[in-house]
Amino acid sequence: MTIRCEIVSQDRLVYEDDVDIVVLPGEDGEMGILPHHAPLLSTLRLGVIKVRKGGEETIFTVTGGLVEVQPDIVTILADAAENVEEIDIARAEEARKRVQEMMEGARKGEDLDTYLALEAALRRSNLRLDVAQRFRSARGRVNRSTEEPGESR
Ligand code: ATP
């Protein structure tokens with residue numbers, strides 16, 4: 001028995017398949033959604049979505065959004081979501097560096113909105129980097145290690 005899983009971000013369909021279980025960062029903590037789950041609507045926190053199908057697990061980052069569960073379908077409307085294999089590490093590193101530099105210039109009391117937006121951007125880039133490091137396939141890790149300075153070729 002399976003449940004349909006659709007992950008949609010603002011600009012694209014990120015994933016759709018019939019799966020065994022979806023584990024999400026719900027508002028009240030990690031939620032596991034199995035087929036025939038009771039209907040529910042929840043906001044999503046920044047974190048990781050795990051989708052299992054036939055013994056294989058696929059990992060996505062999600063920066064927030066909404067989930068709607070019906071007994072036969074889980075619909076995730078994500079602010080942004082990426083399959084771990086799609087994460088552009090260089091882009092996330094650049095984003096983190098840019099944000100850290102801007103945070104040094106922005107003082108919390110002066111412009112709170114700017115500071116909070118920078119904090120959120122820092123959380124997104126840290127999430128992408130952490131998740132890529134923890135969950136990338138062996139091939140992804142080999143590709144990455146060849147890019148590191150001082151690495152023998
Ligand atoms: P950046 O400053 O690099 O744009 P951001 O955190 O502001 O990062 P978001 O607004 O969260 O980016 O996402 C915008 C779009 O870009 C989304 O579709 C998201 O999936 C994609 N995206 C952002 N960063 C990455 C990344 N490092 N690798 C792959 N896709 C990314």
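Computed from a predicted model, the values in this text were never measured in an experiment. Positions are given from 1 along the sequence. When a ligand or atom number is given, it counts from 1 through the structure's own listing order.
The shortest N/O to N/O separation between Thr63 and ligand 1 does not fall below 3.5 Å. Residue Arg91 has at least one N or O atom closer than 3.5 Å to an N or O atom of ligand 1. For the pair Arg98 and ligand 1, the shortest N or O to N or O distance falls below 3.5 Å.
Among all protein heavy atoms, the one lying closest to atom 7 (O) of ligand 1 is Arg124 NH2, 3.1 Å. Atom 8 (O) of ligand 1 has Arg128 NH1, 3.9 Å as its closest protein atom, hydrogens excluded (heavy atom only).
Residue contacts with ligand 1 for Ala81 involve N, CA, C or O but no side-chain atom from C-beta outward (heavy atoms, distance under 4.0 Å). By the criterion of a heavy-atom distance under 4.0 Å, the side chain of Asp11, and not its backbone, is placed next to ligand 1.
When each of Asp20, Ile21, Asp17, Ile33 is paired with Ile3, the side chain to side chain contact (heavy atoms under 4.5 Å, CB included) condition holds for Ile33 and for no other. Each of Glu6, Glu82, Glu86 was checked for a salt bridge (Lys or Arg N to Asp or Glu O under 4.0 Å) with Arg12, and the lone residue meeting it is Glu86.
Short contacts between ligand 1 and Ala80, defined as distances under 4.0 Å to a heavy atom of the residue, involve ligand atoms 11 (O), 13 (O), 17 (C), 19 (C), 20 (O). Close contacts between ligand 1 and Glu86 involve ligand atoms 29 (C) [criterion: under 4.0 Å to a heavy atom].
Of the possible polar contacts, none joining the Arg96 side chain to the Asn126 backbone as a donor-acceptor pair under 3.5 Å is found. The backbone N or O of Ala80 sits less than 3.5 Å from a side-chain atom of Thr63, completing a donor-acceptor pair.
Judged by the shortest distance from any of its heavy atoms, Ser125 lies outside the 4.0 Å radius around the atoms of ligand 1.
Ion pairing between a basic and an acidic side chain is recognised when a charged N comes within 4.0 Å of a carboxylate O; Glu57 and Lys50 show no such pairing.
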